[in-house]
Amino acid sequence: MANVESFDLDHTKVQAPYIRLAGVKTTPRGDSISKYDLRLLQPNAGAIDPAAIHTLEHLLAGYLRDHLDDVVDVSPMGCRTGMYMAVVGEPNEQGILRAFEAALRDTAAHDRPIPGVSELECGNYRDHDLDAARQHARDALAGGLKVQQTILLQR
């Protein structure tokens, strides 16, 4: 089986909330795609409820694109402690941090219907929790977002 970058991360040594460059891939045409770990909760200390992380996915997918060019994808982590974001190029980590902070502020203040929530637009449109998503955004902002360096497991 291929190696998975996140399985080499020492999850006991990182300190959430943070952003972390998880890797850069070069396409056959020479383009760079950067993947970021946008961690809201401390690994193995809690998990975001499925309805809340689904709402965070919908809101951050839009708000991150409002503050950052060339976003390819924003997806929830299976462990439900944050999101992954893929972007074209190799943006400055401080720029990613500022964009994530701005998107979290937008999420915390979101007072309209959740975008993309209908049977036509979403595969599980009934499973959302806007209040919990806003609270997770507020909590991450209050926790002091930072750039986290990758700390590899010592095997």
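- Within the 4.5 Å cutoff, the side chain of Leu41 has heavy atoms near those of the His136 side chain.
- A side-chain donor-acceptor contact under 3.5 Å links Lys146 to the backbone of Gln15.
- Counting heavy atoms from C-beta outward, Leu9 and Thr150 have side chains that approach closer than 4.5 Å.
- Remark: Arg20 CZ to Tyr84 OH distance equals 6.5 Å, nearest 0.5 Å.
- Pro76 approaches Met83 most closely through the heavy-atom pair CA-SD, 3.6 Å.
- Here the side chains of Cys79 and His11 are not in contact, with every heavy-atom distance at 4.5 Å or above.
- Contact detail for Ala137 and Ala108: the closest heavy-atom pair is CB-N, 3.9 Å.
- Between Thr55 atom OG1 and Ile48 atom CD1 the span is 11.0 Å, to the nearest 0.5 Å.
- Criterion: ILVMFWY side-chain heavy atoms under 4.5 Å apart, direct or through other members. Under it, Leu104 and Val74 are part of a common hydrophobic cluster.
- Between Met77 and Ile53, the closest side-chain pair of non-hydrogen atoms is not below 4.5 Å.
- Side-chain contact check for Val14 versus Pro43: some heavy-atom pair is nearer than 4.5 Å.
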*Show your reasoning for whether side-chain contact (heavy atoms from CB on, under 4.5 Å) applies to Leu130 and Leu59.*
CA-CA 9 Å; Leu130 179 57; Leu59 294 175; 3.8 Å; yes
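- With rounding to the nearest 0.5 Å, the separation of CG in Leu145 from CG in Leu38 is 9.0 Å.
- No chain of hydrophobic side-chain contacts below 4.5 Å, direct or via other Ile, Leu, Val, Met, Phe, Trp or Tyr residues, connects Tyr18 to Leu153.
- Between Arg98 and His67 the shortest side-chain heavy-atom distance does not fall below 4.5 Å.
- Each of Leu68, Leu141, Leu40 was checked for a side-chain contact (heavy atoms from CB on, under 4.5 Å) with Phe100, and the lone residue meeting it is Leu40.
- Residues Lys35 and Ser6 fail the side-chain proximity criterion, which asks for heavy atoms closer than 4.5 Å.
- From Gln148, atom CD reaches atom NZ of Lys13 across 11.5 Å, with rounding to the nearest 0.5 Å.
- By the rule that hydrophobic residues join a cluster once side-chain heavy atoms approach within less than 4.5 Å of another member, Val71 and Tyr63 end up as members of separate clusters.
- In terms of modelled atom types and a separation under 3.5 Å, the side chain of Ser34 and the main chain of Gly89 share a donor-acceptor contact.
- Residues Asp139 and Gln135 bring a donor and an acceptor atom of their side chains to less than 3.5 Å of each other.
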| request: Begin with the C-alpha distance, continue with both residues' side-chain angles, and end with the deciding distance and a verdict on side-chain contact (heavy atoms from CB on, under 4.5 Å) for Leu21 and Tyr36. | output: CA-CA 5 Å; Leu21 178 62; Tyr36 287 89; 3.6 Å; yes
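- With respect to the salt-bridge test (charged N to carboxylate O, under 4.0 angstrom), the residues Arg134 and Asp111 do not qualify.
- No donor-acceptor pair under 3.5 Å is formed between the side chain of Arg138 and the backbone N or O of Arg105.
- Other residues, nucleotides and ligands contribute only 12 or fewer heavy atoms inside 6.0 Å of the CD atom of Glu119.
- Counted within 6.0 Å of CG on Asn44, heavy atoms from surrounding residues, nucleotides or ligands total 12 or fewer; the atom is thus considered open.
- The shortest non-hydrogen separation linking Ala133 to Leu56 is O-CD2, 3.6 Å.
- Rounded to the nearest 0.5 angstrom, Arg65 CZ and Leu60 CG are separated by 10.5 Å.
- Counting only distance, with no hydrogens or angles, the side chain of Gln42 and the backbone of Thr81 share no donor-acceptor pair below 3.5 Å.
- Connection of Ile19 to Val72 is not established within any shared hydrophobic cluster, with ILVMFWY side chains joined at heavy-atom distances below 4.5 Å, either directly or through further cluster members.
- Using a 4.0 Å cut-off between a side-chain N of Lys or Arg and a carboxylate O of Asp or Glu, Asp37 and Arg39 qualify as a salt bridge.
- With His58 contributing its side chain and Ile114 its backbone, the two residues share no donor-acceptor pair below 3.5 Å.
- Side-chain contact between Ile33 and Val88: present, with at least one pair of heavy atoms (C-beta onward) separated by less than 4.5 Å.
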